[in-house]
Amino acid sequence: MPSVRRVAHEFLQRQGLTTVFGNPGSNELPFLADLPDGFRYVLGLHEGAVLGMADGYAQATGRPVLVNLHAASGSGNAMGALTNAVASRTPLVVMAGQQVRSAIGPEANLTNVDATALMKPLVGWAAEPACAQDVPRALAQAVFEARLQRRPTYLSVPYDDWAADCDDNATAVLDRRVQRASVPGAEQGRRLIEQVTAARRPALVLGGDIDSAGLFDDAVRLAERLGGPVWAAPSQFRLPFPNRHPLFRGVLPAGIAPICEAFEGHDLVLVLGAPVFRYHQYLPGRYLPEGTRLVQVTEDASAAARAPMGEALVADPGCVIDLLLKEFDAPAKPAPAYRPAPEPHTADGGRLHPDQVFAALRDELPQDTAYVVESTSTTDSWWRQMDLRRPGSYYFPAAGGLGFGLPGAVGVAMAHPDRPVVGVIGDGSANYGITALWTAARHRVPLTVVLLRNGTYGALRWFGGLLGVPDTPGLDIPGIDFTRIAEGYGVASRQVSNVEELRTVLAEQPDGPRLVQVDTALTTPS
Ligand code: TZD
Ligand code: CA
């Protein structure tokens, strides 16, 4: 009989989980022994960075990814980053090593006490197999659950299990194929079509799932047929629609009252691939204007169940878009006139305005550049200047947990070696995932990190004003030189001090990672 380890490795190979992001400890080494050719272990130096890199990689490839963490301490270090993976519905399979079975009860050092409870409520499914022979099946379940639920899963495996012999049935799992279909029923489809056809002024709200499911271009076709305005759902982690398209109205403000106001005059709001809604700032009011109906289509059953208003249909938004496109068949129209960006603002005091930095990115980098953005006070500037027209152009920490941006950019760049990838990272955010620079250097990942250094937690200054507490401590972070940190991790770096220099540097083709530090003026997110 083959060992548990052999069957597990083969299962991972067959399912395409051969790039493993991890940071191992003694409990994990027996799993990593004898890894067959074709596996790639991407070592991260801190578990937050490990998880962020895996998140970026899994989002950009659209496939489940294995994350290998050390017992409870490594898992705990990854937990903040896991909040983003949950909100972006990233199918991560987090596996941690457990002490040998006989040592768990007496809590020998490195025991992951009550391992299945540790990562709840973040993961969609967690287990520690009841015996060694169940490990291959449990690993398969972790992979399938992550894919079907689109939510991270957690598997804790006692390390003496890997060398154990499998029983007769253990290899059955190798041939499994698990799929999901979610086409609306005939009656459900009819009702939806009726609602949309009957609407006089329909509006579309699109979520990050539209981009992760590869529906970016389909959403454009649908919007152009319906002819109504399009918003991105609030707190977006992906861009679901070209941001300078004439029908695009921007990202909805993340408050109850302003969303209600935005929908004024629309009799139908069709929400595709988003929760309703991920509000942030507490701005109370009515959920919807009088006379506005909301219909949500999402594959995420719990997002449908928890919405506070409206109708919901749990179905694949792609199938629903197809249905509607057939119904609203229309002759091809000329390509829309994309809205031009305004002149960038400028700043005093030898600093660049973020507008100038983003205008330089827009002008100097190819149209298919993918951006991973974690710079919180510059949101307004970003959408004012950027012109993103391609699927997979934009990634943002889905739950607002900092530490995704830099590692996420490394993961996206590893997933798309032929696509330019840029991390746009604030000087505050960079510190939460900084060790990913080492992994980028080690794998020579072609990535540009544009480091916006305003010396402060800009967004928190703005929030302080909003909450009526402008005088809080702990907001300034002067004196960090990221060019020296980057060099220390083996990443080439530059400080640029004016727009011309920035544009010249951006136009160069990097063959490995590089960091470009720019001193920027303080702006507000909106
Ligand atoms: N810790 C974590 C893990 N996530 C967070 N979101 C915060 C703390 C709180 N926080 C924000 O929500 S924004 C922000 C912090 C610390 C400032 C980020 O600073 P930055 O960007 O330099 O990256 P800006 O443009 O200066 O705001
Ligand atoms: Ca900052």
Side-chain angles (χ1 to χ4, degrees), residues 46-52 55 76-88 122 234-237 254-255 278-282 345 347 349 351-358 361 371-386 395-409 422-437 449-467 469-470 472-483 485-486 495 515-526:
H46 181 277
E47 292 80 357
V50 169
L51 206 107
D55 189 352
N77 279 354
M79 209 177 280
L82 202 56
T83 62
N84 292 319
V86 172
S88 54
L122 292 176
S235 313
Q236 257 340 284
F237 55 97
R278 281 180 70 84
Y279 301 112
H280 181 182
Q281 299 90 326
Y282 182 60
H345 293 301
R351 291 174 170 267
L352 295 192
H353 192 284
D355 266 24
Q356 295 173 289
V357 179
F358 303 148
L361 294 173
Y371 295 93
V372 183
V373 180
E374 197 169 274
S375 166
T376 46
S377 68
T378 55
T379 314
D380 199 29
S381 253
W382 174 262
W383 294 121
R384 198 159 51 227
Q385 291 302 327
M386 296 308 287
Y395 300 80
F396 188 85
L402 302 178
F404 166 77
L406 222 164
V422 175
V424 177
I425 314 289
D427 53 352
S429 297
N431 296 294
Y432 301 86
I434 196 74
T435 59
L437 285 176
V449 175
V450 175
L451 198 297
L452 303 175
R453 191 167 70 149
N454 60 10
T456 187
Y457 289 156
L460 297 189
R461 297 197 152 274
W462 170 79
F463 237 109
L466 209 68
L467 301 178
V469 289
T472 53
L475 300 188
D476 282 337
I477 47 166
I480 309 177
D481 184 348
F482 291 92
T483 63
I485 295 172
Q495 164 88 33
L515 181 139
V516 182
Q517 178 169 278
V518 194
D519 286 342
T520 48
L522 181 59
T523 53
T524 59
S526 64

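Because only heavy atoms are used, hydrogens play no part in the values below, and waters and symmetry mates are left out as well, while side chains stay in. Indexing begins at 1, ligand by ligand and atom by atom, following the structure's order. In this text the structure is predicted, and so the values were computed from the model without any measurement.
Judged by the shortest distance from any of its heavy atoms, G80 lies outside the 4.0 Å radius around the atoms of ligand 1.
For the residue pair S377 and A459, the shortest heavy atom distance occurs at CB-N, 3.6 Å.
In the model, N454 has no side-chain atom that pairs as donor or acceptor with a side-chain atom of T456 under 3.5 Å. Side-chain atoms of S526 and D380 form no donor-acceptor pair, as typed in the model, at a separation below 3.5 Å.
The protein heavy-atom contact nearest to atom 13 (S) of ligand 1 is T376 OG1, 3.5 Å. Among protein heavy atoms, the minimum distance from atom 23 (O) of ligand 1 is reached at S429 OG, 2.6 Å. Summary of contacts: the protein heavy atom closest to atom 20 (P) of ligand 1 is G428 N, 3.5 Å. Here the heavy atom of the protein found nearest to atom 12 (O) of ligand 1 is L460 CD2, 4.1 Å. For atom 26 (O) of ligand 1, the nearest non-hydrogen atom of the protein is G458 N, 2.8 Å. Protein heavy atom at the shortest distance from atom 4 (N) of ligand 1 is L402 N, 3.1 Å. Of the protein's non-hydrogen atoms, the one nearest atom 8 (C) of ligand 1 is Y432 OH, 3.6 Å. Nearest to atom 6 (N) of ligand 1 among the protein's heavy atoms is G400 O, 2.8 Å.
At least one side-chain heavy atom of F404 sits under 4.5 Å from a side-chain heavy atom of V372. Within the 4.5 Å cutoff, the side chain of V450 has heavy atoms near those of the V422 side chain.
Considering only non-hydrogen atoms, atom 19 (O) of ligand 1 lies nearest to Y457 out of F463, Y457, W462.
Between A459 and ligand 1, a contact under 3.5 Å exists for at least one N or O pair.
Taking a cut-off of under 4.0 Å to the non-hydrogen atoms of N454, the atoms of ligand 1 that pass are 26 (O). Counting the atoms of ligand 1 from 1 in the order shown, those under 4.0 Å from a heavy atom of T456 are 22 (O), 26 (O). Ligand-side atoms of ligand 1 in range of S377: 24 (P), 25 (O), 26 (O), 27 (O), range being under 4.0 angstrom from any heavy atom.
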Report task. Begin from the C-alpha positions of V424 and T378 and carry the test side chain to side chain contact (heavy atoms under 4.5 Å, CB included) through to its verdict. Result -> CA-CA 10 Å; V424 177; T378 55; 5.7 Å; no

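The backbone N or O of D476 lies less than 3.5 Å from no partner atom in the side chain of R461, so there is not a single donor-acceptor pair. Side-chain N or O atoms of N84 include one that pairs as donor or acceptor with a backbone N or O of A399 at under 3.5 Å. Side-chain atoms of Q517 come within 3.5 Å of backbone atoms of F482 as a donor-acceptor pair (strictly under, hydrogens ignored). With hydrogens and angles disregarded, a donor-acceptor distance shorter than 3.5 Å links the side chain of E374 to the backbone of G403. S235 places no side-chain N or O within donor-acceptor distance of the main-chain N or O of Y279, the cut-off being under 3.5 Å.
Relative ring orientation between F358 and W382 is described as perpendicular, the plane-to-plane angle rising above 60° on a 0-90° scale split at 30° and 60°.
Of the heavy atoms in L452, none comes closer than 4.0 Å to ligand 1.
Looking only at protein N/O/S atoms, the ones less than 3.0 Å from the Ca ion (ligand 2) make 3 in total.
Residues satisfying the side-chain contact (heavy atoms from CB on, under 4.5 Å) criterion with F396, sequence neighbours excluded, are V373, Y394.
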